[in-house]
Amino acid sequence: MTSLLDELKDYSEKNIYPCHMPGHKRHAFDHIPQDIARIDLTEVEGTDELHDPSGIILEAERFAALQLGADESFFLINGSSSGVLAAVSSCTDKGGRILMARNSHRSAYNAVYLRELDPVYVFPEVMEMPCIPEAVSADEVRKALDENPDIQAVLIVSPTYEGRLANIRAVAEAVHEKGIPLIVDEAHGAHLSFDEESRADAIRSGADIAIQSVHKTLPAPTQTAVLSVKGSLVDRVKLRRFLSIYQSSSPSYPLMAMTDGCIRYMADNRALIPAFKDNFEKLLKRLEVCDKLIFRPFAGELHSCMADYGKLLICTETAGISGTNAAKVLREKYGIETEMACPGYVLAMFTVCDDKAGFEKVLNALLEFDKDPILSGNAGCRHSFDKDLPVPVRVMKPADAVDSENETVPLSEAAGRVCADIISMYPPGIPILVPGEEISDAHRDHIIRCIREGYNIKGIGDGFVSVVKNG
Ligand SMILES: Cc1ncc(COP(=O)(O)O)c(C=O)c1O
């Protein structure tokens, strides 16, 4: 079957003059490379339509569905963010109820706001060393569903940003017992669909919808993602409607062609995954000699399917250096830029595109760094929902808090007020408080401590926080 890229190249070679958008008319400029200009088409005869596909885009999406084990797959040109918005919106009624993992991405909270949902949260356990949230468990989901029988859909994140995997089969069983759909935000797990050994990807493990950012862990450009759906629990008409609402009416053909190309590349090169897993595991084993730095996952966790391969957490607490400073040393002394750093740890990411030389470079840097970590910085590790923090008290629905009259007050004076914005630790942006929740003394103190220790806290501008007026 011809790839979307080849179809677009064929089209551009036809002798058809473009009296239509885009304005570059397929000419190259210094700011538009020729290869992009040539395939940057729009919806004209023969190029199909993303929002109502019946030709070359439909063919490409069908090919994707086959590879991803889905009934249908939809290309997303606004990243997984648009997929999460569409999935949550289509699986709930306006004003309805959703059970969602508290470590959900901002896009899920945006859907809650837009659809005026009444969310119930599952707070995942927080792991130690480093303190990151685990993926939610089936028991946690089952308990919350038993307590809230009017829930319409469940949303979990797996793998998490930090590489923890949920037992999706068990979660799906718990969710399906209630006859409702399970949405898995698998933005960080597109590679799992090509892992023939573990077959632990969300769709093949029982999810009704999975959203994958192909750009995060596979060779594809930023913003490319795919939403896949399986089974009969999702209203596909509603899903298509929301995909159209949340995505551009001028979808990028280069992005769609590269999404299709990425899926074809992975389908043709399945041996990349076992080779990558092997390289990652060897890295973990060789790092075991380190004295001061501690690394997660442990090699054994990869086999228990609790941890993803590709996310290396470098715990710097035991070495007496902050993660932020460690990342600076890795950048400035060893020429390595990491995915994220916070006072307690550094997150380094690997994909099938890291070659042996890349793995060696990081390994050698970490082995040397471990011998002489240049002690500095506060190495305390905090999280959006630290163990000692109380569960936030919900006073109003998130949408009511955002849409009510708001005012900003100094954070130091905000205890007892109702939060009107998402206050989160970034990256990855997991909320400490969401709109409609009370800012308790403990939350205020936690946020102040995090800011002092150098965490990047979003939702606080110059020490001020947005709260519900008179709330
Ligand atoms: C868990 C999770 N879901 C969804 C997204 C959104 O993905 P995208 O950047 O493809 O829109 C992110 C982005 O970081 C994420 O971490």
Worksheet item: Please walk me through it: do Val465 and Ile447 pass side-chain contact (heavy atoms from CB on, under 4.5 Å)?
Response: CA-CA 11 Å; Val465 57; Ile447 296 165; over 6 Å; no
Worksheet item: When you look at Asp139 and Lys143, which way does the salt bridge (Lys or Arg N to Asp or Glu O under 4.0 Å) test go after all the steps?
Response: CA-CA 6 Å; Asp139 286 347; Lys143 181 168 175 286; over 6 Å; no
Discussion item. Applying salt bridge (Lys or Arg N to Asp or Glu O under 4.0 Å) to Lys216 and Glu339, what does each step give before you reach the verdict?
Written reply: CA-CA 11 Å; Lys216 289 193 197 297; Glu339 163 65 24; over 6 Å; no
Check: [Y] main-chain N/O paired with [X] side-chain donor or acceptor under 3.5 Å:
X	Y	value
Thr318	Lys292	yes
Arg106	Gly429	no
Arg417	Val468	yes
Lys230	Ala210	no
Asp462	Phe464	no
Ser82	Gln247	no
Glu337	Arg331	no
Glu317	Pro130	no
Asn103	Ile430	no
Asn269	Leu272	no

Specify the closest pair of heavy atoms between [X] and [Y], including all atoms of both residues, with the distance to one decimal.
X	Y	result
Ala190	Thr217	N-OG1, 3.6 Å
Leu255	Pro221	CD2-CG, 3.9 Å
Ala257	Leu8	CB-CD1, 3.8 Å
Met100	Pro119	SD-CB, 4.1 Å
Thr224	Ala220	OG1-CB, 3.4 Å
His31	Pro33	O-CD, 4.0 Å

More than 12 heavy atoms of other groups within 6.0 Å of [X] [atom1]:
X	atom1	answer
Glu125	CD	no
Tyr426	OH	no
Tyr334	OH	yes
Glu173	CD	no

[X] versus [Y]: any side-chain heavy-atom pair under 4.5 Å?
X	Y	result
Met266	Gln67	no
Tyr345	Met340	yes
Ile203	Glu186	no
Leu284	Pro297	yes
Tyr246	Asn78	no
Leu85	Phe242	no
Val362	Asp354	no
Ile314	Phe369	no

Discussion item. Test side-chain contact (heavy atoms from CB on, under 4.5 Å) on Asp195 and Asp201; report intermediate values, then the result.
Written reply: CA-CA 8 Å; Asp195 184 340; Asp201 60 286; over 6 Å; no
Discussion item. Run the salt bridge (Lys or Arg N to Asp or Glu O under 4.0 Å) test on Glu301 and Arg164 for me, step by step, so that the C-alpha distance in whole Å, both residues' side-chain angles and the decisive distance to 0.1 Å come before the verdict.
Written reply: CA-CA 10 Å; Glu301 284 177 304; Arg164 305 303 294 173; 3.2 Å; yes
Interatomic distance, [X] atom [atom1] to [Y] atom [atom2] [nearest 0.5 angstrom]:
X	Y	atom1	atom2	result
Ser158	Leu192	OG	CG	7.5 Å
Leu330	Leu366	CG	CG	6.0 Å
Phe123	Leu389	CZ	CG	9.5 Å

Worksheet item: Going through the checks in order, is the salt bridge (Lys or Arg N to Asp or Glu O under 4.0 Å) test met by Lys285 and Glu281?
Response: CA-CA 6 Å; Lys285 289 232 166 86; Glu281 194 169 352; 3.4 Å; yes
Fill in: side chain to side chain donor-acceptor pair (under 3.5 Å) contacts in which one or both residues fall within residues 251-264, not counting sequence neighbours
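Sorted result for residues 251-264: Asp260-Arg264.
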Practice prompt. Determine, stepwise, if the pair Ser193 / Arg204 fulfils side-chain contact (heavy atoms from CB on, under 4.5 Å).
Written response: CA-CA 8 Å; Ser193 294; Arg204 290 191 180 90; 4.1 Å; yes
Discussion item. Quiz question: by atom type and distance under 3.5 Å, do the side chains of Asp40 and His24 form a donor-acceptor pair?
Written reply: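 His24 and Asp40 do have a side-chain donor-acceptor pair below 3.5 Å.
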Item to complete: Report yes or no: is the cationic atom of Lys311 (NZ for Lys, CZ for Arg) closer than 6.0 Å to the six-membered ring centre of Tyr161, at no more than 45° off its axis?
Response: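 Output yes; distance and angle both within limits.
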Worksheet item: Given the rule in the side-chain contact (heavy atoms from CB on, under 4.5 Å) test, do Val175 and Leu99 qualify, once you have shown the distances and angles that lead to the verdict?
Response: CA-CA 10 Å; Val175 175; Leu99 180 68; over 6 Å; no
Practice prompt. With Val234 as reference, evaluate Ile183, Val229, Leu182 under the side chain to side chain contact (heavy atoms under 4.5 Å, CB included) test and give the passing residue.
Written response: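 Of the listed residues Ile183, Val229, Leu182, the side chain to side chain contact (heavy atoms under 4.5 Å, CB included) partner of Val234 is Val229.
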Worksheet item: Salt-bridged, Arg286 to Glu360, with N to O below 4.0 Å?
Response: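 A salt bridge is present here (some side-chain N lies under 4.0 Å from a carboxylate O).
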Worksheet item: Do the rings of Phe350 and Phe359 sit parallel, tilted or perpendicular, given the 30° and 60° boundaries?
Response: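 The rings of Phe350 and Phe359 lie parallel, inter-plane angle below 30°.
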